Colleague: 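So that we are looking at the same thing, I have put the structure below in structure tokens.
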Amino acid sequence: MDKVFIEGLEIEALIGIYDWERRIRQTLVFDLEMGFDNRVPAASDDIAHTLNYKAVSKRLIAYVQASEFGLVETLAERCAQIVLEEFKVDWLRLKLSKPGAVRGARAVGVIIERCRQA
């Protein structure tokens, strides 16, 4: 399976369960691997046939910036649904990191893998 990836996509979001978190925007970092057959775009050399990572990034940025979830788990799940459904990705691995959330750790977060339902 071919993979298209987005690495280190930083998005400001209102997220968290504590009162202080609900008053500030925090930087979240997204890493995505998306299963996509690259043979057609490779043969045609036409961006219309690709999984357009710029379009995926812009969609996630708009969604995350407008969201107000308490849990990174919920946000990760919703972002995975968007990519699978709107961009016709067959498989997705999404890592959502919350830098600075735990003292002494560079980041904490979740990694999920999902497949599109037939």
Side-chain angles (χ1 to χ4, degrees):
M1 174 188 311
D2 300 330
K3 295 179 185 174
V4 175
F5 70 91
I6 300 169
E7 189 173 280
L9 180 63
E10 295 184 6
I11 309 174
E12 298 290 320
L14 183 65
I15 191 160
I17 57 171
Y18 300 110
D19 288 341
W20 68 267
E21 291 180 299
R22 308 305 297 165
R23 294 189 300 267
I24 64 167
R25 300 188 76 71
Q26 299 177 66
T27 300
L28 302 176
V29 181
F30 289 78
D31 296 307
L32 292 91
E33 292 181 10
M34 300 163 284
F36 189 82
D37 188 346
N38 283 319
R39 289 175 290 192
V40 171
S44 70
D45 199 31
D46 185 344
I47 193 167
H49 298 142
T50 66
L51 171 56
N52 187 327
Y53 44 79
K54 183 176 182 178
V56 173
S57 298
K58 288 177 76 171
R59 176 67 173 101
L60 290 178
I61 290 167
Y63 181 78
V64 172
Q65 287 179 337
S67 70
E68 294 186 9
F69 295 108
L71 301 175
V72 293
E73 291 85 350
T74 306
L75 180 58
E77 198 65 45
R78 299 301 190 282
C79 289
Q81 289 172 349
I82 287 170
V83 175
L84 290 169
E85 293 169 10
E86 294 182 18
F87 295 94
K88 307 299 185 233
V89 169
D90 294 324
W91 170 87
L92 167 77
R93 179 182 183 269
L94 185 149
K95 177 181 177 184
L96 194 169
S97 302
K98 192 173 176 184
V102 172
R103 187 182 318 260
R106 184 175 327 136
V108 297
V110 297
I111 298 173
I112 63 173
E113 291 188 29
R114 299 291 179 266
C115 295
R116 187 158 44 105
Q117 302 299 319

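Here the structure is a predicted model, which is why all the values come from computation and not from measurement.
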Colleague: Gln81 and Arg114: side chain to side chain contact (heavy atoms under 4.5 Å, CB included), yes or no, with the steps?
Modeller: CA-CA 9 Å; Gln81 289 172 349; Arg114 299 291 179 266; over 6 Å; no
Colleague: Have a look at Ile15 and tell me which of Ile24, Leu75, Thr74 forms a side-chain contact (heavy atoms from CB on, under 4.5 Å) with it.
Modeller: Leu75
Colleague: Backbone N or O of Asp46 within a donor-acceptor pair of the Ser44 side chain at under 3.5 Å?
Modeller: yes
Colleague: Do Leu96 and Val4 share a hydrophobic cluster, counting only Ile, Leu, Val, Met, Phe, Trp and Tyr and linking them when any side-chain heavy atoms are less than 4.5 Å apart?
Modeller: yes
Colleague: Taking all atoms of both residues into account, what is the closest heavy-atom pair of Leu28 and Ala13, and its distance?
Modeller: CD1-CB, 3.7 Å
Colleague: Please name the pair of heavy atoms, one in Arg23 and one in Leu14, separated by the smallest distance, quoted to 0.1 Å.
Modeller: N-CD1, 4.2 Å
Colleague: For Asp37 versus Pro41, what's the shortest heavy-atom pair and its separation?
Modeller: O-CD, 3.7 Å
Colleague: What is the minimum heavy-atom distance between Lys88 and Arg116, and which atoms define it?
Modeller: O-NH2, 3.2 Å
Colleague: Check whether Arg22 reaches the backbone of Gly16 with its side chain - one donor and one acceptor, N or O, closer than 3.5 Å.
Modeller: yes
Colleague: With rounding to the nearest 0.5 Å, note down the distance linking NZ in Lys3 to CE in Met34.
Modeller: 11.5 Å
Colleague: Measure the OH-CG distance between Tyr53 and Leu60 for me, rounded to the nearest 0.5 Å.
Modeller: 15.5 Å
Colleague: Look up atom CG in Leu32 and atom CZ in Phe5, then write down how far apart they are to the nearest 0.5 Å.
Modeller: 11.0 Å
Colleague: Per the side-chain contact (heavy atoms from CB on, under 4.5 Å) rule, which among Ile6, Ile82, Ile61, Val89 passes with Val56?
Modeller: Ile6
Colleague: Measuring from atom CD of Glu68 to atom CZ of Arg25, what distance do you get when rounded to the nearest 0.5 angstrom?
Modeller: 8.0 Å
Colleague: Once rounded to the nearest 0.5 Å, what's the spacing between atom CE of Met1 and atom CH2 of Trp91?
Modeller: 7.0 Å
Colleague: Where the side chain of Asn38 meets the backbone of Asp2, is there a donor-acceptor pair that is under 3.5 Å apart?
Modeller: no
Colleague: May I ask you to say whether Lys95 pairs ionically with Glu33, meaning some side-chain N is under 4.0 Å from a carboxylate O?
Modeller: no
Colleague: Apply side chain to side chain contact (heavy atoms under 4.5 Å, CB included) to Cys79 and Leu94, showing your working.
Modeller: CA-CA 9 Å; Cys79 289; Leu94 185 149; 3.9 Å; yes
Colleague: Please tell me whether Ile112 and Leu84 are part of a single hydrophobic cluster in this structure, the criterion being side-chain heavy atoms less than 4.5 Å apart.
Modeller: yes
Colleague: Treat each ILVMFWY residue as a node, draw an edge where side-chain heavy atoms are under 4.5 Å apart, and state whether Leu9 and Val29 are in one component.
Modeller: no
Colleague: Quick check against the 3.5 Å criterion: does Arg78 have a side-chain atom that pairs as donor or acceptor with the backbone of Val64?
Modeller: no
Colleague: From Asn52 CG over to Arg59 CZ, what is the distance, rounded to the nearest 0.5 angstrom?
Modeller: 14.5 Å
Colleague: Hey, does Ile11 have a side-chain heavy atom less than 4.5 Å from the side chain of Gln65?
Modeller: yes
